[in-house]
Trainee: 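Before I ask anything, here is the structure I am working with.
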Amino acid sequence: LLLAFAGGAAVAQDNIQIDDLKIRAEAGDKTATRQIAEAYYLGKGVDQDFKQAAQWYEKLAKQGDVRAQTSLGLIYARGYGVEKNMTLALKWLNLAAIQRDPGAQYSLSTIYFIGDGIPQNYTESARLRKEAATRGHVQAQADLGRMYYEGKGVEKDLRQAYYWLA
C-alpha cells in the first residue's frame, strides 16, 4: 500500500511539473518548451504523444531553434504522430542543415541516399554526409567512408574511405 501511494505521488508530481512547464512554455520560455516537447516525445512524465511533441517542437522551430527544426523534420519524415510529409520534413531539415546542424545534415543525407520522397542523389548525400562528418557526426563518418569505398556519390578513394572509417 505504501509503494502504491508513493507511485501515485510520483505521478501527481509529474503532472504538476508538466502543468508548470506548459504555463512557462505558453509564456514564451524556450527551455520549458523544449522540456515539454522532449517529455512528450520520450514519454517522460507523460504518456508518449508524438502529436503533442510535434506541436511543441513546431513552436520552437518557428522561432529558429535548430534542434527543434531537426526534431520536427524527423517527426514528419517518419510520420510519428503526424501524417508522413516529406515536403515538411525537407523544409525543417533543410533549415537546420543550413545552420550547420550535423544531425539535420546526416538525416538529409540519408533521405537523399535512399530517395525517400525525392529523387535518389548520391552526390548530394555525400556532400551532406561530409559536412556532418567534419562536425563529428560518427554515423555520417562511417557512412561517408563506405561511400568512398564503393564510389557512391564520390570518386572511389580507398584512402578517404580508410580516413573516415578508421
Trainee: Judged by atom type as modelled, is there a donor-acceptor pair below 3.5 Å linking the side chain of Gln48 to the main-chain atoms of Tyr41?
Mentor: yes
Trainee: At what distance, to the nearest 0.5 angstrom, does CZ of Arg135 lie from CG of Asp101?
Mentor: 9.5 Å
Trainee: Looking at every heavy atom in both Ala68 and Leu60, which two are closest together, and how far apart are they?
Mentor: CB-CB, 3.4 Å
Trainee: Any ring pair (Phe, Tyr, Trp, His ring centres under 6.0 Å) pairs touching residues 59-104, not counting sequence neighbours?
Mentor: Phe50-Tyr80
Trainee: Given 3.5 Å as the limit, does a donor-acceptor pair link the side chain of Gln141 with the main chain of Trp164, or not?
Mentor: no
Trainee: Check Thr70 against Ala104 and note the closest heavy-atom contact, atom names and distance.
Mentor: OG1-CB, 3.4 Å
Trainee: How long is the span from the CZ atom in Arg24 to the OG1 atom in Thr31, to the nearest 0.5 Å?
Mentor: 7.5 Å
Trainee: In Å, rounded to the nearest 0.5 Å, how long is the span from CG of Asp116 to CG of Leu108?
Mentor: 11.5 Å
Trainee: So, taking the atom named CG in Asp20 and the one named CD1 in Ile36, what distance separates them when rounded to the nearest 0.5 Å?
Mentor: 9.5 Å
Trainee: Just how far is it from atom NE2 of His137 to atom OG of Ser109, taken to the nearest 0.5 Å?
Mentor: 8.0 Å
Trainee: Ring centroids only, cut at 6.0 angstrom: are Tyr122 and Tyr112 within range, meaning strictly under it?
Mentor: no
Trainee: Taking Ser125 for the side chain and Asn121 for the main chain, is one N or O donor matched with an acceptor at less than 3.5 Å?
Mentor: no
Trainee: Assess whether atom NZ of Lys62 is packed by more than 12 heavy atoms of other residues, nucleotides or ligands within 6.0 Å.
Mentor: no
Trainee: Check this for me: does any side-chain nitrogen of one of Lys22 and Glu26 sit under 4.0 Å from a carboxylate oxygen of the other?
Mentor: no
